[in-house]
Amino acid sequence: MPCKSGKRAEIEAAKVARRRERELDTTDPFRLYWRELVNRVHKSDAGMAGLSDMERQYWAVSCLSGEVYNGGFDQYFHNSSGSTYSDAVDGLMAIGATTSLLLLQEAKKIIFGPADVPVETAARRRMQMAADNDELQQRLDELDNAFWRDADNLATRIENFAITHGLVRVE
């Protein structure tokens, strides 16, 4: 019984939250810009090459953040987002996110050693599998936890970067 157990209130609160999220999808300038970038990257022939340097940095840092918060550095490098490693490094430097940058570079060293991060997903996955062991996974978990503490306040920095460089207009 939804009413006696308090479930009705939870259901109604969830409906309100979903409505608010849908509203933000049509009004929040950062969400609108992100959707535009997604379309440009995934639905145009130019793909990432069609983005400016600043747009690629914004994209790469946003992908990095989303992947690491969702599943850690292991997930970041495993998924297609890992192909943007160089742009993520440049973006983190550009926004002054030094702690996040050091964590990303350390995760890269754990998985790939001194080798460059392969752009091709299959090559990254092969190298990850070769480096997969309990000790390395524990070190990656520690880096994930440090990233999640968000010493750089990454979301604010990337938003400020977008505003400063005219990628997003906030009124």
Residues Phe161, Leu167; criterion side-chain contact (heavy atoms from CB on, under 4.5 Å); working and verdict:
CA-CA 8 Å; Phe161 176 84; Leu167 302 177; 4.1 Å; yes

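- In terms of modelled atom types and a separation under 3.5 Å, the side chain of Trp148 and the main chain of Gly72 share no donor-acceptor contact.
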For the pair Val170 and Val168, evaluate side-chain contact (heavy atoms from CB on, under 4.5 Å) and give the outcome as yes or no after the intermediate values.
CA-CA 6 Å; Val170 179; Val168 173; 4.1 Å; yes

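- Taking 4.5 Å as the limit, some side-chain heavy atom of Leu143 sits within range of a side-chain heavy atom of Ile110.
- What you find for Ile111 and Phe77 is that their closest heavy atoms are CD1-CD1, 3.6 Å.
- Here Arg157 pairs with nothing under the side-chain hydrogen bond (donor to acceptor under 3.5 Å, both in side chains) rule; sequence neighbours left out.
- Residues Phe112 and Val119 do not share a hydrophobic cluster, clusters being chains of Ile/Leu/Val/Met/Phe/Trp/Tyr side chains in contact below 4.5 Å.
- Residue Val41 comes nearest to Leu51 through the heavy atom pair CG2-CD1, 3.6 Å, listed as atom of the first residue, atom of the second, then distance.
- Listed here is the closest heavy atom pair of Gly96 and Asp152: O-OD1, 4.4 Å.
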Working for salt bridge (Lys or Arg N to Asp or Glu O under 4.0 Å), residues Arg139 and Glu142
CA-CA 5 Å; Arg139 289 176 52 205; Glu142 291 168 4; over 6 Å; no

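- Proximity of a side-chain donor or acceptor of Ser83 to a complementary backbone N or O of Ser80 within less than 3.5 Å is detected.
- Between the CG atom of Leu101 and the CD1 atom of Ile95 there is a distance of 9.5 Å, given to the nearest 0.5 Å.
- Between atom CZ of residue Phe73 and atom CG of residue Leu140 there is a gap of 8.5 Å, rounded to the nearest 0.5 Å.
- Interatomic distance, Gln75 CD to Glu67 CD, rounded to the nearest 0.5 Å: 4.5 Å.
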Walk me through whether Leu102 and Glu106 qualify under side-chain contact (heavy atoms from CB on, under 4.5 Å).
CA-CA 6 Å; Leu102 292 172; Glu106 183 61 26; over 6 Å; no

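- Rounded to the nearest 0.5 Å, atoms OG (Ser100) and CD (Gln105) are 11.0 Å apart.
- Environment of CG in Asn39: crowded, with over 12 heavy atoms of neighbouring residues, nucleotides or ligands closer than 6.0 Å.
- The closest donor-acceptor contact from the side chain of Arg124 to the backbone of Asn79 lies under 3.5 Å.
- Remark: Trp59 engages Trp34, His42 in a ring-ring contact (aromatic ring centres under 6.0 Å, His included) (not counting sequence neighbours).
- Closest of all the heavy-atom pairs between Ala60 and Ala88 is CB-N, 3.3 Å.
- Within a 6.0 Å radius of CG in Asp116, no more than 12 heavy atoms belonging to other residues, nucleotides or ligands are found.
- With sequence neighbours excluded, the residues forming a ring-ring contact (aromatic ring centres under 6.0 Å, His included) with Tyr58 are Tyr33, listed by chain and number.
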Would Arg40 and Glu36 satisfy salt bridge (Lys or Arg N to Asp or Glu O under 4.0 Å), going step by step from the backbone distance to the final call?
CA-CA 6 Å; Arg40 288 172 57 199; Glu36 175 193 331; 3.4 Å; yes

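- Formation of a donor-acceptor pair under 3.5 Å by the Gln128 side chain with backbone atoms of Asp74 is found in this model.
- For the atom pair CG of Leu32 and CG of Leu37, the computed distance is 11.5 Å after rounding to the nearest 0.5 Å.
- Note that the CD atom of Glu159 and the CZ atom of Phe30 stand 4.0 Å from one another [nearest 0.5 Å].
- Side-chain atoms of Lys108 do not come within 3.5 Å of backbone N or O of Tyr85 as any donor-acceptor pair.
- Across every non-hydrogen atom of Ser62 and Ile158, the tightest pair is OG-CG1, 4.1 Å.
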Take Leu64 and Leu92 through the side-chain contact (heavy atoms from CB on, under 4.5 Å) test and state the conclusion after the steps.
CA-CA 10 Å; Leu64 167 71; Leu92 291 170; 3.7 Å; yes

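- The backbone N or O of Ser52 sits less than 3.5 Å from a side-chain atom of Glu55, completing a donor-acceptor pair.
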Working note: Thr84 + Asp87, criterion side-chain hydrogen bond (donor to acceptor under 3.5 Å, both in side chains); need CA distance, chi angles, decisive distance, verdict.
CA-CA 5 Å; Thr84 66; Asp87 288 320; over 6 Å; no

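- Scanning all heavy atoms of the two residues, the minimum distance from Thr99 to Ala151 falls at CG2-CB, 4.0 Å.
- Side-chain polar atoms of Asp141 and Gln137 form a donor-acceptor pair below 3.5 angstrom.
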